[in-house]
Amino acid sequence: MIKFDNITKSYRSGKVKIKALDDVSLAIKQGEFVLLNGPSGSGKTTFLNITGCLTRITSGRIWLADREISHFPDHFLSAIRREKFGFIFQQFNLISGYTTWENVSIPLLPMGVSDKMRKKRAMNLLEELNLETRADFYANELSGGEQQRAAVARALINDPEIILADEPLSNIDSENAKTVIAVLEKLKTKGKTIIISFHDSQPLITKLIDRTVYFDSGRIS
Amino acid sequence: MFPLPLWERVRVRGIQMIINNLIVTYLVCSFISLFIGLVAAFNGFYVWKKWDINSQADEQYLLEKRVYLLITILSVGFFLRLLMAPLWFFTMHSMIISIPGAMCLAGVHNANAPLSYIASALKLVLPALYGYWLILNFLDRQSEIQPFMKQKLLFIAPVGILILLEAIIDTSFFFSNPPRQVSCCTSLFDVPRENIPSMVSQSTWIWVIVFYMLILFILLTILYLFIIQKRSEYSGHGWWFENKMVMVSETLVTTFAFAVFILALHTKISPLFLGLPFHHCIFCLCQEVWDTLIFFVMIFIGLTLFIIYFWVVCSENYKNVNPIFSNNMVKLLKWSGFMLAGGLAVLSIHMVIAV
């Protein structure tokens with residue numbers, strides 16, 4: 001379970017202080033599929049980044065599986081990120097100089113997994129996402145939909161407990177979106193916790209959602 | 001005037017100095033080491049002043065990033081120190097031909113004593129201090145509350161000062177080598193002097209026996225601590241934890257053991273291994289009997305790790321985090337015992353053969 005207790009996050013832009021999140025409290029149970037909804041700039045991405053230990057909070061407390069992680073040093077947070085979370089970004093964030101399977105297997109590198117095993121696990125996932133024929137293509141040689149599927153595979157390679165997806169269907173066509181949704185559905189049946197953000201309504205995933213959380217100006221409305 | 005090429009001894013603004021490739025290399029390493037040490041000491045002190053583990057301010061996060069930078073540069077500094085210790089002695093060795101009267105490192109040291117002896121001692125002390133810092137840092141990173149953070153940050157300052165002192169001494173040593181005839185080991189160590197007790201200057205087994213007794217005592221202590229810590233399943237609190245008196249006494253005993261080791265080498269082991277009954281030079285011993293370096297380094301590392309063990313477990317906050325660290329502390333004890341026993345074995349085998 002992940003629990004957020006009165007968290008705030010402020011950024012400083014020059015002399016202006018911007019509150020991206022303001023006194024947010026939320027508890028997400030294991031296996032829950034949570035949709036974060038709200039207009040652009042409402043704090044969804046900041047909340048996702050905080051959940052995934054990518055950004056520190058300004059105040060408040062966070063618990064992950066009964067451990068308070070708000071004060072953890074960065075190398076502890078890196079380990080948590082590596083073992084517990086899978087990230088799917090809106091812009092895919094693949095590395096263009098690497099092939100598809102290399103991109104997918106990157107999260108296994110700091111875990112010391114051998115090259116052979118990394119490739120094997122990457123190929124299994126690529127097969128599941130119908131990308132096995134693109135395994136040796138460089139990331140910039142893939143279409144938008146293929147890139148997002150590769151990004152999904154990368155998020156799943158370390159078998160994370162929690163999957164965080166920031167507008168994962170925004171830059172892909174409906175066919176590719178269906179493939180991604182099918183993967184998310186499968187993950188839900190496996191009992192994974194999924195937190196997904198969209199700025200608009202997404203009828204394709206409505207049946208999967210357990211709870212919708214609305215963000216507005218950094219607060220849960 | 002001197003039997004050496006002109007380029008080796010140069011005069012800069014009236015100051016005599018010896019220069020060769022090794023000296024230049026050493027001075028460059030020394031400069032880099034000084035730079036690393038001072039940057040680390042400055043940053044360490046800055047972070048120490050502002051560190052607040054409970055703070056969630058952005059500044060705290062920036063301080064944490066500085067600590068990661070510190071760890072990186074101090075790790076580089078440690079490996080540089082490891083390189084600089086043998087380089088220093090090689091450099092000193094390369095100066096033998098440039099110093100009239102010098103036949104081994106004793107003569108080179110004597111050309112500018114006591115600076116040279118202090119500089120050589122620092123070559124052993126500084127890697128040991130760096131080692132302590134790295135071990136403390138390794139343990140600190142195992143716990144999310146980072147209990148040794150303030151301690152390790154503050155510890156960099158004296159290390160930085162020592163490196164600065166060392167750089168000044170090294171530079172003074174190289175840059176002010178007076179062109180005079182020096183005495184070497186034969187006249188320094190072999191001829192008994194009235195003001196030095198015979199127990200320290202002549203061949204005697206006393207120090208070898210005291211050394212063996214001390215090392216056996218330390219090995220038995222290691223065994224005792226090892227068994228107690230293993231038995232307590234890492235949850236028990238050793239009576240010696242967080243006890244400053246134990247730390248001070250143990251440091252004194254271990255330092256005394258090392259001093260006795262040097263005396264044993266000087267009084268009996270050198271003449272015995274060199275096969276020259278009246279020659280007491282440790283420098284000649286290290287140059288001519290290669291296994292001396294093995295047991296010397298092993299015993300030095302063993303004693304250093306033994307001191308470090310107590311410096312860690314006697315620190316404040318150790319009890320609170322004991323279960324996380326104990327496994328590593330037992331490993332440290334094991335390595336200390338292994339190094340001491342190994343060094344002692346090499347020394348003993350050679351001694352049996354020599355006798």
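Only heavy atoms go into these numbers, but all of them, side chains included; no hydrogens, no water, no symmetry mates.
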Residue A:Lys84 excluded, over 12 heavy atoms near NZ under 6.0 Å = no
Is the count of non-hydrogen atoms from other residues, nucleotides or ligands lying under 6.0 Å from A:Lys186 atom NZ greater than 12?
-> no
Distance-only side-chain donor-acceptor flag, A:Thr45 / A:Asp166, under 3.5 Å | yes
Within the side chain of B:Glu144, is there an N or O that forms a donor-acceptor pair under 3.5 Å with the backbone of A:His71?
-> no
Just by distance, with hydrogens left out, do B:Ser30 and B:Trp88 show a side-chain donor and acceptor under 3.5 Å apart?
-> no
Is the backbone N or O of A:Phe215 less than 3.5 Å from a side-chain atom of A:Ser221, with the two atoms forming a donor-acceptor pair by type?
-> no
Partners meeting side-chain contact (heavy atoms from CB on, under 4.5 Å) with B:Phe258 (sequence neighbours left out) = B:Leu124, B:Phe261, B:Ile262, B:Phe296, B:Phe300, B:Leu303
Of B:Phe148, B:Tyr132, B:Trp133, which is the lone residue that meets ring pair (Phe, Tyr, Trp, His ring centres under 6.0 Å) with B:Phe155?
-> B:Tyr132
Residues 59-86 of chain B vs chain A, non-hydrogen distance cutoff under 4.5 Å, contacting residues -> B:Tyr61, B:Glu64, B:Tyr68
Those residues of residues 95-126 of chain A that come under 4.5 Å of chain B on a heavy-atom basis, listed by number, are none
In terms of heavy-atom contacts, does OH of A:Tyr11 have more than 12 from other residues, nucleotides or ligands at under 6.0 Å?
-> yes
With a 4.5 Å heavy-atom cut-off (strictly below), which parts of residues 56-70 of chain A touch chain B? List them by number.
-> A:Arg56, A:Ile57, A:Thr58, A:Ser59, A:Gly60, A:Arg67, A:Ser70
Does A:Asp159 pair with A:Lys190 as a salt bridge, N-O distance under 4.0 Å?
-> no
More than 12 foreign heavy atoms under 6.0 Å from CD of A:Glu83: is that the case here?
-> yes
Give me the one residue out of A:Leu26, A:Leu21, A:Ile220 that meets side chain to side chain contact (heavy atoms under 4.5 Å, CB included) with A:Phe4.
-> A:Leu26
Should we say atom CZ of A:Phe76 is surrounded by more than 12 heavy atoms from elsewhere, each under 6.0 Å from it?
-> yes
